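Down below is the structure, laid out as structure tokens.
It should be emphasised that the depicted structure is a prediction, and the values quoted were computed from it without experimental measurement. Chain naming here is simple, since letters A, B, ... match the order of the sequence lines and numbering starts at 1 in each.
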There are 2 protein chains.
Amino acid sequence: MPKKGKSDYERPALVLKALAHPTRLLILNSLKKKETCVCELRDLVGDDMSTVSKHLLVLKNAGLVAARREGNWLNYRLTCPCVLDFADCIAKLGK
Amino acid sequence: MPKKGKSDYERPALVLKALAHPTRLLILNSLKKKETCVCELRDLVGDDMSTVSKHLLVLKNAGLVAARREGNWLNYRLTCPCVLDFADCIAKLGK
DNA sequence: TTGCTATTTTGCCAAATTGCCAATTACTTG
DNA sequence: CAAGTAATTGGCAATTTGGCAAAATAGCAA
């Protein structure tokens, strides 16, 4: 196995970075239960809808969520529900 | 179980943020094998020692590493070797 | 088409992050 | 004590991030 360098960790770092925000963890936790539209997530987190939309873009770029349009609504869902197992585990890590 | 809000995710987000950097993942991976001093980590990552030292501070603040002085050297170690299990898993997530 | 609603994009700005260099601290040895 | 090695700290510029608000876009319905 070749020795690993910084560049081998860029992709995982990107995913971790996407996870590393309280609002995004809250969003992901909500998506774990069910597909949810942006306006519902806005009510959940209490920020401006544009802010929520930006967070969702970050998650999408990291490949953690995907969207499906249904009429006027965009319903977001987890692409890989297992992400939150890490998050829960890390929560325990942090005492 | 009470409903979770943003503030419940601040601590895990802090830990994830500490993980979310290629250099820090490389450092953690090295520490998994053995306790290591800063100058050795500097050779590994190729950045200035002050830069490495700051990364280690971030990891220490997140509770992921601890240091033990031995003469002139400060040897860092993982406080909880399991962290990298997440990282490996997340690496797979990111395709 | 027009109007309405849901969502995204853009612009803006304050705050945080990153990495380097220089100065400083901590420790050992002569 | 002074000199040398290991590490941290402070300062700085460049870049990124987070959040709001205004403008633009996408789809539905009359």
Taking N or O atoms only and anything under 3.5 Å, show me the protein contacts with nucleotides 28-30 of chain C, one pair per line.
none

Applying side-chain contact (heavy atoms from CB on, under 4.5 Å) to A:R42 and not counting sequence neighbours gives A:C39, A:M49, A:V52

For the residue pair [X] and [Y], establish whether any side-chain heavy-atom pair is separated by less than 4.5 Å.
X	Y	value
A:K32	A:L78	yes
A:L31	A:V65	yes
B:L19	A:L19	no
A:Y76	A:L56	yes
A:L41	A:L26	no
B:T36	B:N75	no

Checklist entry - How close or far is atom P of C:dA6 from atom CG of A:N75, stated in whole angstroms? => result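 Rounded to whole Å, this separation is 13 Å.
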
I need the CE-C1' distance between A:M49 and C:dT8, as an integer number of Å.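 Nearest whole value for this atom pair: 9 Å.
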
Query raised in the report: From the 5' end of DNA chain D to its 3' end, which nucleotides mark the outer limits of contact with chain A, defined by a 4.0 Å heavy-atom distance cut-off (strictly under)?
Result: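 The contact span of chain A on DNA chain D goes from D:dT17 to D:dC28.
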
Exercise. Closest approach of B:A62 and B:L14, non-hydrogen atoms and distance?
Worked result: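 Shortest heavy-atom contact: CB-O, 4.5 Å.
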
Closest non-hydrogen contact found for A:R68 with A:E35 is NH2-OE1, 2.6 Å

Each nucleotide of nucleotides 11-21 of chain C classed B (base within 4.0 Å of a protein heavy atom), S (only sugar-phosphate) or -, in 5' to 3' order, makes B-----SSBBB

Hydrophobic clustering (ILVMFWY, side-chain heavy atoms < 4.5 Å, transitive) - are A:I27 and A:L74 grouped together? yes

| With sequence neighbours left out, what residues match A:K34 under salt bridge (charged side-chain N to carboxylate O under 4.0 Å, His left out)? |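 Scan of A:K34 (salt bridge (charged side-chain N to carboxylate O under 4.0 Å, His left out), adjacent residues dropped) gives A:E40.
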
Evaluation steps, side chain to side chain contact (heavy atoms under 4.5 Å, CB included), between B:T51 and B:V45: CA-CA 10 Å; B:T51 300; B:V45 309; over 6 Å; no

Which range-with-range stems can be found for DNA chain C when each stem has 3 or more Watson-Crick or G-U pairs in a row and both distances sit under 3.5 Å?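 Runs of three or more consecutive pairs: C:1-30 with D:1-30.
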
Salt-bridge contact A:D47-B:K6 (side-chain N to carboxylate O under 4.0 Å): yes

